[in-house]
There are 2 protein chains.
Amino acid sequence: MFSQSEENYIKAIYHLGVEVTKGISTNAIAKRLETKASSVTDMIKKLSEKEVVVYKKYQGVTLTDFGKKTAANIIRKHRLWEVFLVEELNFSWDEVHEVAEQLEHIKSPKLIDELDAFLGYPKRDPHGDPIPDKDGNLPQIQKSLLATLQKNEKGVCVGVNDTSSEFLRFLDKQEIGLGQDIEVLDKEPFDDSFLVKINGKEITISNKVANNIYIQKK
Amino acid sequence: MFSQSEENYIKAIYHLGVEVTKGISTNAIAKRLETKASSVTDMIKKLSEKEVVVYKKYQGVTLTDFGKKTAANIIRKHRLWEVFLVEELNFSWDEVHEVAEQLEHIKSPKLIDELDAFLGYPKRDPHGDPIPDKDGNLPQIQKSLLATLQKNEKGVCVGVNDTSSEFLRFLDKQEIGLGQDIEVLDKEPFDDSFLVKINGKEITISNKVANNIYIQKK
DNA sequence: ATAAATTTTTAGGCAAGACTAAAAATTTAT
DNA sequence: ATAAATTTTTAGTCTTGCCTAAAAATTTAT
Ligand SMILES: [Mn+2]
Ligand SMILES: [Mn+2]
Ligand SMILES: [Mn+2]
Ligand SMILES: [Mn+2]
């Protein structure tokens with residue numbers, strides 16, 4: 001069994017390691033967990049002894065298969081709880097993260113499977129992120145950033161990159177959410193902003209925003 | 001905010017303090033939490049500084065009003081989660097304790113109120129114990145031990161004293177549960193056992209068992 | 001009332017997980 | 001290629017929460 005702290009490190013390493021072949025740097029982990037590099041080195045050594053990561057001094061870390069599976073399980077719990085909070089307890093998608101961050105550490109073999117069944121085996125969390133299955137398999141869907149769409153292309157919103165409350169509330173205000181159809185009417189070369197049609201309305205979206213919305217082209 | 005450990009101490013002191021006017025002894029707390037007396041003394045000092053308990057050396061501790069309210073809130077969370085596990089996630093009443101012991105420490109103002117509403121504001125947990133309201137008020141019901149019933153008296157099962165898995169599974173086997181009608185047909189002076197009628201069946205119940213079942217006379 | 005037994009506290013330590021400051025290694029710039 | 005900058009590790013410390021062993025206080029027995 002892993003401590004809460006160990007689990008947070010494992011999850012951080014997993015997330016930092018998506019689409020990266022090299023070892024994850026000490027500093028990157030420290031930054032993500034808002035801690036100091038020296039603390040990370042300490043923890044890395046422990047995780048290395050527990051065979052969760054492979055670690056060579058100054059080379060960064062990589063998750064072992066065991067580590068990846070462990071990470072997937074924590075993420076599975078995190079995302080299932082997020083679904084529960086939004087679907088059953090009236091949380092909005094910008095309120096769930098902090099609580100799920102705690103709930104993901106609850107240890108109970110039965111709890112998470114029953115929760116999964118109770119929720120109807122959801123495939124994605126409230127932010128559009130896929131929920132790993134019991135064996136840690138994570139279904140990848142094909143998605144692209146709204147920013148990559150060309151003029152007159154259409155897509156449907158399937159996720160967000162930035163999951164901060166600020167951004168999510170901004171999207172709420174603009175009436176942008178998962179499943180929403182989005183059409184690029186025009187691109188402004190001056191500031192790379194987008195004129196899009198959402199919900200029948202035409203609105204302007206900054207490049208930064210367009211780079212934080214995932215869509216599926218259609 | 002209190003740490004998980006602090007919360008467990010507060011809860012233990014609360015439970016030990018029910019119907020006791022004197023201070024709760026260090027040893028009693030140690031026994032309940034399966035820890036050492038010296039550890040208890042350490043923690044007691046900390047809780048005393050935080051004004052959760054009143055403590056005089058060698059005199060045991062008493063919860064302050066603030067401490068009582070804090071305890072009630074933890075117990076509220078524990079019991080609401082137990083209801084959730086049994087009512088929604090197919091846990092049986094002997095499986096919930098360990099998980100609720102973890103869930104009770106989740107910090108979220110919104111979570112527990114929404115859970116309460118989601119569950120339909122339950123008044124009692126799966127073991128018949130009352131659920132404190134938001135302000136820490138705990139409705140006391142009138143209940144007595146089955147062992148206090150006289151021959152030919154009847155009652156309905158409203159709770160259990162021992163909440164161990166062993167005892168609860170034993171009750172399941174005997175088909176004894178909350179809401180069950182129980183009639184004392186006879187008392188055996190030799191071993192103080194009881195002949196009772198439950199579910200139309202006549203069964204013999206040891207004195208020990210009779211001292212762990214709460215009933216409401218009728 | 002004194003002695004014995006029990007309870008409680010103190011003293012000293014340990015492990016986890018964090019931190020600061022300094023040393024060592026690596027990477028980047030010139 | 002060397003120097004400068006950056007990253008990473010080490011060394012030493014701190015807090016929390018636990019432990020054992022011993023001392024002190026209280027309670028119980030004679
Ligand atoms: Mn977490
Ligand atoms: Mn999410
Ligand atoms: Mn607990
Ligand atoms: Mn209960």
Side-chain angles (χ1 to χ4, degrees), chain A residues 1-14 16-17 20-63 67 70-71 74 101-102 104-107, chain B residues 1-14 16-17 20-63 67 70-71 74 101-102 104-107:
Chain A
M1 264 318 85
F2 296 102
S3 72
Q4 211 152 310
S5 191
E6 287 170 330
E7 290 189 346
N8 285 336
Y9 274 91
I10 294 168
K11 194 159 60 101
I13 294 166
Y14 180 93
L16 290 167
V20 173
T21 41
K22 320 186 78 181
I24 309 304
S25 79
T26 304
N27 257 4
I29 299 169
K31 197 167 196 178
R32 189 171 177 109
L33 293 177
E34 293 180 276
T35 184
K36 302 292 164 168
S38 53
S39 308
V40 174
T41 304
D42 284 349
M43 181 59 89
I44 272 173
K45 284 178 183 164
K46 205 173 13 143
L47 292 179
S48 174
E49 273 180 18
K50 292 194 178 184
E51 313 211 4
V52 172
V53 298
V54 175
Y55 166 60
K56 283 217 187 83
K57 275 189 190 178
Y58 296 98
Q59 305 288 128
V61 292
T62 329
L63 286 173
T70 305
I74 303 164
E101 204 58 43
Q102 299 176 60
E104 71 189 357
H105 303 292
I106 302 291
K107 265 90 176 169
Chain B
M1 267 315 88
F2 296 102
S3 72
Q4 210 151 310
S5 191
E6 287 171 329
E7 289 190 344
N8 284 336
Y9 274 91
I10 293 167
K11 194 158 62 104
I13 295 166
Y14 180 93
L16 290 167
V20 172
T21 42
K22 320 187 76 181
I24 310 303
S25 79
T26 303
N27 257 3
I29 299 169
K31 197 168 198 176
R32 189 171 176 107
L33 292 177
E34 295 179 276
T35 185
K36 302 293 164 167
S38 52
S39 307
V40 174
T41 305
D42 284 349
M43 181 58 90
I44 272 173
K45 285 177 182 165
K46 209 178 4 149
L47 292 179
S48 174
E49 273 180 19
K50 292 194 178 185
E51 312 212 0
V52 172
V53 299
V54 174
Y55 167 60
K56 281 218 188 81
K57 274 191 191 176
Y58 296 97
Q59 304 288 128
V61 292
T62 328
L63 286 173
T70 305
I74 303 164
E101 205 59 43
Q102 299 175 60
E104 71 189 357
H105 303 293
I106 302 291
K107 266 89 176 171

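Residue numbers begin at 1 in each chain, while the letters A, B, ... track the order of the sequences.
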- request: Would you mind reading off the distance between B/Lys57 atom NZ and C/dT10 atom C1', rounded to a whole angstrom?
  value: 8 Å
task: Report the distance from atom CE of A/Met43 to atom CD1 of A/Ile10, rounding to the nearest 0.5 Å.
output: 8.5 Å
statement: Rounded to the nearest 0.5 Å, the CG atom of B/Asp42 sits from the NZ atom of B/Lys36 at a distance of 14.0 Å
- request: Give the C-alpha distance, both sets of side-chain angles, the deciding distance and a yes or no for side-chain contact (heavy atoms from CB on, under 4.5 Å) between B/His105 and B/Asn8.
  value: CA-CA 9 Å; B/His105 303 293; B/Asn8 284 336; 3.0 Å; yes
task: Starting at CD of A/Glu101, measure out to CD of A/Glu7 and round the result to the nearest 0.5 Å.
output: 10.5 Å
- request: Taking only heavy atoms on the protein side, list every residue of residues 3-14 of chain A lying under 4.0 Å from any atom of DNA chain D, sorted numerically.
  value: none
- line: DNA chain C nearest-nucleotide lookup for A/Met43 and A/Gln59: closer to the 5′ end is A/Met43
field: A/Ile74 side, atom CD1; A/Glu6 side, atom CD - distance, nearest 0.5 Å
entry: 10.0 Å
query: Does any residue of residues 23-36 of chain B have a heavy atom under 4.0 Å from DNA chain C, and if so, which ones, in number order?
result: B/Ser25, B/Thr26, B/Asn27
query: Checking side-chain contact (heavy atoms from CB on, under 4.5 Å) for the pair A/Ile24/A/Val53: CA distance, chi angles, key distance, verdict?
result: CA-CA 10 Å; A/Ile24 309 304; A/Val53 298; over 6 Å; no
- prompt: In whole angstroms, how far is the P atom of D/dT16 from the CD atom of B/Glu49?
  reply: 10 Å
message: What is the separation between atom CZ on A/Phe2 and atom C1' on C/dA16, rounded to the nearest whole Å?
response: 15 Å
- prompt: What's the spacing between A/Ile29 CD1 and A/Ile44 CD1 if we round to 0.5 Å?
  reply: 4.0 Å
- prompt: Checking side-chain contact (heavy atoms from CB on, under 4.5 Å) for the pair B/Lys31/B/Asn27: CA distance, chi angles, key distance, verdict?
  reply: CA-CA 6 Å; B/Lys31 197 168 198 176; B/Asn27 257 3; over 6 Å; no
field: Shortest side-chain distance from B/Ser39, nucleotide among D/dT10, D/dC18, C/dT10
entry: D/dC18
field: Between C/dT9 (C1') and B/Lys56 (NZ): distance, integer Å
entry: 17 Å
- request: Report yes if a donor N or O on one partner sits less than 3.5 Å from an acceptor N or O on the other, where the partners are the side chain of B/Thr41 and the base of C/dT10; otherwise report no.
  value: no
- request: Could you check how far OH of A/Tyr58 sits from C1' of D/dT6, rounded to whole Å?
  value: 12 Å
- prompt: How close or far is atom P of D/dT10 from atom CD1 of A/Ile44, stated in whole angstroms?
  reply: 11 Å
field: Interatomic distance, B/Lys45 NZ vs C/dA11 C1' [rounded to whole Å]
entry: 10 Å
query: Looking at side-chain heavy atoms only, is the closest gap between B/Thr35 and B/Tyr9 below 4.5 Å?
result: yes
- prompt: Just wondering, do A/Val52 and A/Phe2 contact through their side chains at under 4.5 Å, heavy atoms?
  reply: yes
query: Counting distance only, does the side-chain N/O of A/Gln102 pair as donor-acceptor with the main-chain N or O of B/Lys107 below 3.5 Å?
result: yes
message: If a pair means Watson-Crick or G-U wobble with both distances below 3.5 Å, what does DNA chain D look like in dot-bracket form, with | marking bases paired to a different strand?
response: ||||||||||||||||||||||||||||||
